[in-house]
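Encoded as structure tokens, the structure appears first; notes follow it.
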Amino acid sequence: MALRRDPASGNSLDSPVKQIQIEGLVVMKIIKHYQEEGQGSEVVQGVLLGLVVEDRLEITNCFPFPQHTEDDADFDEVQYQMEMMRSLRHVNIDHLHVGWYQSTFYGSFVSRALLDSQFSYQHAIEESVVLIYDPIKTAQGSLSLKAYRLTPKLMEICKEKDFSTEGLKKASVGYENMFEEVPIVIRNSHLINVLLWELEDKSTVADKHELLNLSSSSHLEKCLQMLMDRVDEMSQDIVKYNNYSRSLSKQQQQKHQYVQRRQQENAQRQSRGEPPLPEEDLTKLFKPPQAPPRMDSLLIAGQINTYCQTVKEFTSQNLGKLFMAEALQGQGS
């Protein structure tokens, strides 16, 4: 990890990122990026810029990845990022790379692509984070913006590229400790806070009561449908692993029977005064079946856990609204 310096004492600190402070302008840029280029389940991504102060990561700026099609085969993403950061440096804006962001569709972001991308970022820049913006949940009335990092255990597994069952078990890596969430604090200048207060005063009563809207069955139905799809994928993965276990057990029995027969034949040849049969390489005779990748199962389980948390939060909020509406109705009658 990069050494940080405590501005008060001047001592070097070596601690992980424990909090993220993000400028309100960055949040608006991320939302604007999705509104302009994101359509439905299409994912938009971008780069986060800022600096590290003690154990706090300050995100002060960002810029999006441009949408390009197959016709733009000569587009160089790395060169585009370098040119953007060089241009920002020329106008005296924070240009240090501290992570990336992407949108998600109903919370479905736990994937191998995100794991590989975050590992590349975090391996190159240890303080890197990924911001996940959920536009669907934000449209329901509450901003959904979360920051994640890979845990040290998962970083070691990705470095060694040992995704076998034994490797994951040895490192004690499960779906619940693959990612660690970092708390976010949104910071605005005093002028922006004053503007927000003025806009709140000018907003109508109907807009203020939008959070009490009870028509949310479509959102919950979609979450449950995607949850069932992931459960089906998990069931298929379990079937594949069970077939692999049966094939491996059957092969072990065949290998054991072959060794016993070979020992009996050598014992008979020895009793007749004949030389024993030459030893053979059992790995060539019995090629072990290929084990299914276990990391995919962990990612599916992690996504299922994310869906369950989303449904839990959503239903708890709706239950609170229903009790509140019942109380208001009782008072009105």
Side-chain angles (χ1 to χ4, degrees), residues 30-31 33-35 37-45 65 67 70 100-119 130-151 154 157-158 163-165 168-169 173-181 213-246 290-319:
I30 295 174
I31 296 175
H33 182 200
Y34 177 81
Q35 291 177 346
E37 299 186 8
Q39 297 178 357
S41 59
E42 189 173 354
V43 173
V44 297
Q45 297 177 336
F65 287 142
Q67 297 282 358
E70 296 178 354
W100 60 297
Y101 70 86
Q102 82 164 36
S103 63
T104 180
F105 184 68
Y106 285 98
S108 55
F109 64 89
V110 182
S111 63
R112 189 60 180 266
L114 182 133
L115 175 64
D116 294 340
S117 299
Q118 180 58 23
F119 171 73
V130 54
L131 289 182
I132 303 297
Y133 167 65
D134 191 342
I136 306 297
K137 193 173 180 181
T138 301
Q140 299 294 324
S142 60
L143 176 64
S144 179
L145 189 67
K146 296 184 177 181
Y148 293 97
R149 286 170 48 83
L150 300 185
T151 59
L154 187 58
I157 287 291
C158 293
F163 302 121
S164 62
T165 305
L168 295 174
K169 186 177 180 180
V173 174
Y175 71 89
E176 66 277 359
N177 58 3
M178 291 194 303
F179 297 92
E180 57 181 1
E181 185 176 353
N213 187 11
L214 299 177
S215 58
S216 54
S217 57
S218 60
H219 179 77
L220 183 60
E221 180 182 356
K222 185 66 177 179
C223 287
L224 292 175
Q225 181 181 356
M226 298 181 74
L227 175 61
M228 289 188 293
D229 292 340
R230 296 291 86 78
V231 171
D232 290 340
E233 289 183 12
M234 177 61 74
S235 300
Q236 295 174 6
D237 199 74
I238 291 174
V239 171
K240 292 180 182 178
Y241 188 76
N242 288 338
N243 292 335
Y244 160 75
S245 299
R246 283 194 291 267
Q290 186 176 3
R294 301 306 298 159
M295 180 56 69
D296 295 340
S297 301
L298 284 182
L299 291 172
I300 294 174
Q303 186 59 68
I304 290 175
N305 182 58
T306 302
Y307 284 144
C308 291
Q309 293 296 328
T310 301
V311 172
K312 178 182 176 181
E313 294 174 3
F314 194 73
T315 51
S316 62
Q317 292 175 1
N318 277 10
L319 284 174

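Heavy atoms only: backbone and side chains are in, while hydrogens, waters and symmetry mates are out. Quantities reported herein were computed from a predicted structural model and do not represent experimental measurements.
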Please give me the minimum heavy-atom distance between [X] and [Y], naming the atom from each residue.
X	Y	value
Leu227	Cys308	CD1-SG, 4.2 Å
Ser117	Trp100	CB-CZ2, 3.7 Å
Asp134	Gly107	OD2-N, 3.4 Å
Leu299	Ser111	CD1-C, 3.8 Å
Cys158	Leu115	SG-CD1, 4.2 Å

Sequence neighbours excluded - salt bridge (charged side-chain N to carboxylate O under 4.0 Å, His left out) pairs with any residue from residues 104-114: Arg112-Asp116, Arg112-Asp296
Report yes or no: does [X] contribute a side-chain atom to a donor-acceptor pair with the main-chain N or O of [Y] at less than 3.5 Å?
X	Y	result
Ser103	Val44	yes
Thr151	Asn177	yes
Ser144	Thr138	no

Heavy-atom check, side chain of [X] versus side chain of [Y], under 4.5 Å:
X	Y	answer
Ile136	Lys222	no
Tyr133	His33	no
Tyr175	Val110	no

I need the [X] [atom1] to [Y] [atom2] distance, nearest 0.5 Å.
X	Y	atom1	atom2	value
Leu114	Leu150	CG	CG	8.0 Å
Leu154	Met295	CG	CE	5.0 Å
Met226	Thr306	CE	OG1	11.0 Å
Phe179	Gln118	CZ	CD	8.0 Å
Gln303	Asp229	CD	CG	11.0 Å
Arg230	Met234	CZ	CE	10.5 Å

- request: Take Gln102 and Ile132 through the test side-chain contact (heavy atoms from CB on, under 4.5 Å) and record every step on the way to the result.
  value: CA-CA 5 Å; Gln102 82 164 36; Ile132 303 297; 3.8 Å; yes
- request: Could I get the full list of ring pair (Phe, Tyr, Trp, His ring centres under 6.0 Å) partners for Phe109, not counting sequence neighbours?
  value: Tyr148
